[in-house]
Amino acid sequence: MEVKIIKPFKGEFPISQKFGEAGEWYVKIVGYPHNGMDFAMPTGTPVLACDDGVLSYADNVPDSDGLGINISHEWGLSQYWHLSKLAVKYQEKVVKGQKIAESGATGWATGPHLHFGIKVNGQGLPNMRGWCDPSPFFDKVITTEPPAENNPRSHTVTRGETLWGIAVKYYGKGYLWSRIYEANKKIIKNPNLIYSGQKFLIS
Ligand SMILES: [Zn+2]
């Protein structure tokens, strides 16, 4: 069957981590590369069901997914993590586009974002434990990458600073911290741990 899903939110939010991206620290903790897409969005943003289905899992796992749910679909399942609030109950039927939760930053999250993953029956990647890249299954092309700027600057970290705080300083938006992380992956091993004296490229 042809799978056509909608993006699980209204409006535009930047992709803060793509499917399959293998942050060293992430692989170390999870055991394999990123199994979904992360969209940076403020806590409380309505999260929508990507297709018709039934809520087949709802739990709060503080050490990893945070508050998370799965929806079973005819074609497989979709998964939503780091939520702040649920709007549906376990085993409840949902329709495409229905509000199922509000986004948040529960579990392993450096900042507020939605982790969205799918498993399409028969199309899962073996090295990703059955997870698929959601991008080709959306009904519309997702164009939510943060705009590139072309005046590189550098920032020297001072005591007590966070990637979030540095992103606010340069971009005006804390959730764009991943841009700094992406540009400085050689230096930043774990985005939760940055040290005074480190010099980051701000692109
Ligand atoms: Zn994620």
Side-chain angles (χ1 to χ4, degrees), residues 5-9 11-51 55-71 73 76-86 100-120 123-125 127-138 142-146 162-164 167 173-185 188-194:
I5 58 174
I6 59 163
K7 65 179 161 55
F9 51 85
E12 303 276 301
F13 294 104
I15 297 166
S16 52
Q17 198 181 9
K18 290 179 190 150
F19 178 85
E21 263 185 340
E24 234 174 272
W25 65 276
Y26 189 95
V27 174
K28 217 171 177 178
I29 296 168
V30 181
Y32 52 103
H34 193 223
N35 64 337
M37 295 172 86
D38 286 350
F39 295 95
M41 60 178 68
T43 293
T45 305
V47 175
L48 313 177
C50 71
D51 202 356
L55 208 74
S56 52
Y57 170 91
D59 204 357
N60 194 356
V61 187
D63 291 339
S64 57
D65 341 348
L67 185 58
I69 56 183
N70 289 352
I71 298 176
H73 307 283
L77 72 82
S78 58
Q79 183 168 70
Y80 313 77
W81 283 356
H82 312 303
L83 307 169
S84 59
K85 212 185 261 178
L86 301 188
I100 50 174
E102 289 179 14
S103 68
T106 55
W108 285 330
T110 314
H113 74 279
L114 172 69
H115 171 100
F116 175 68
I118 62 169
K119 279 186 174 179
V120 178
Q123 295 191 40
L125 303 171
N127 61 335
M128 294 297 292
R129 303 199 187 163
W131 295 97
C132 306
D133 184 358
S135 330
F137 296 101
F138 288 117
I142 300 264
T143 51
T144 49
E145 303 250 15
T162 60
L163 282 183
W164 185 274
K173 287 178 178 131
Y175 63 75
L176 294 178
W177 65 269
S178 57
R179 269 166 74 171
I180 302 168
Y181 174 52
E182 288 301 320
N184 297 280
K185 267 187 173 164
I188 307 171
K189 297 298 177 206
N190 174 342
N192 290 309
L193 298 171
I194 61 172

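Whatever order the structure lists ligands and atoms in, that order sets their numbers, starting from 1.
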message: Taking N, O or S atoms only and a limit of 2.8 Å, check whether His34 reaches the Zn ion (ligand 1).
response: yes
- request: Tell me which N, O or S atom of Asp38 sits nearest to the Zn ion (ligand 1).
  value: OD1
Aromatic centroids of Phe39 and Phe116 separated by under 6.0 Å: no
statement: Heavy-atom closest pair (Gly174 atom, Ala167 atom, distance to 0.1 Å) is O-CB, 3.6 Å
query: the Zn ion (ligand 1) to His115: any N/O/S contact under 2.8 Å?
result: yes
query: Cut-off 3.5 Å, side chains only: do His82 and Ser103 have a donor facing an acceptor?
result: no
- prompt: Would you say Lys85 has more than 12 foreign heavy atoms packed within less than 6.0 Å of its NZ?
  reply: no
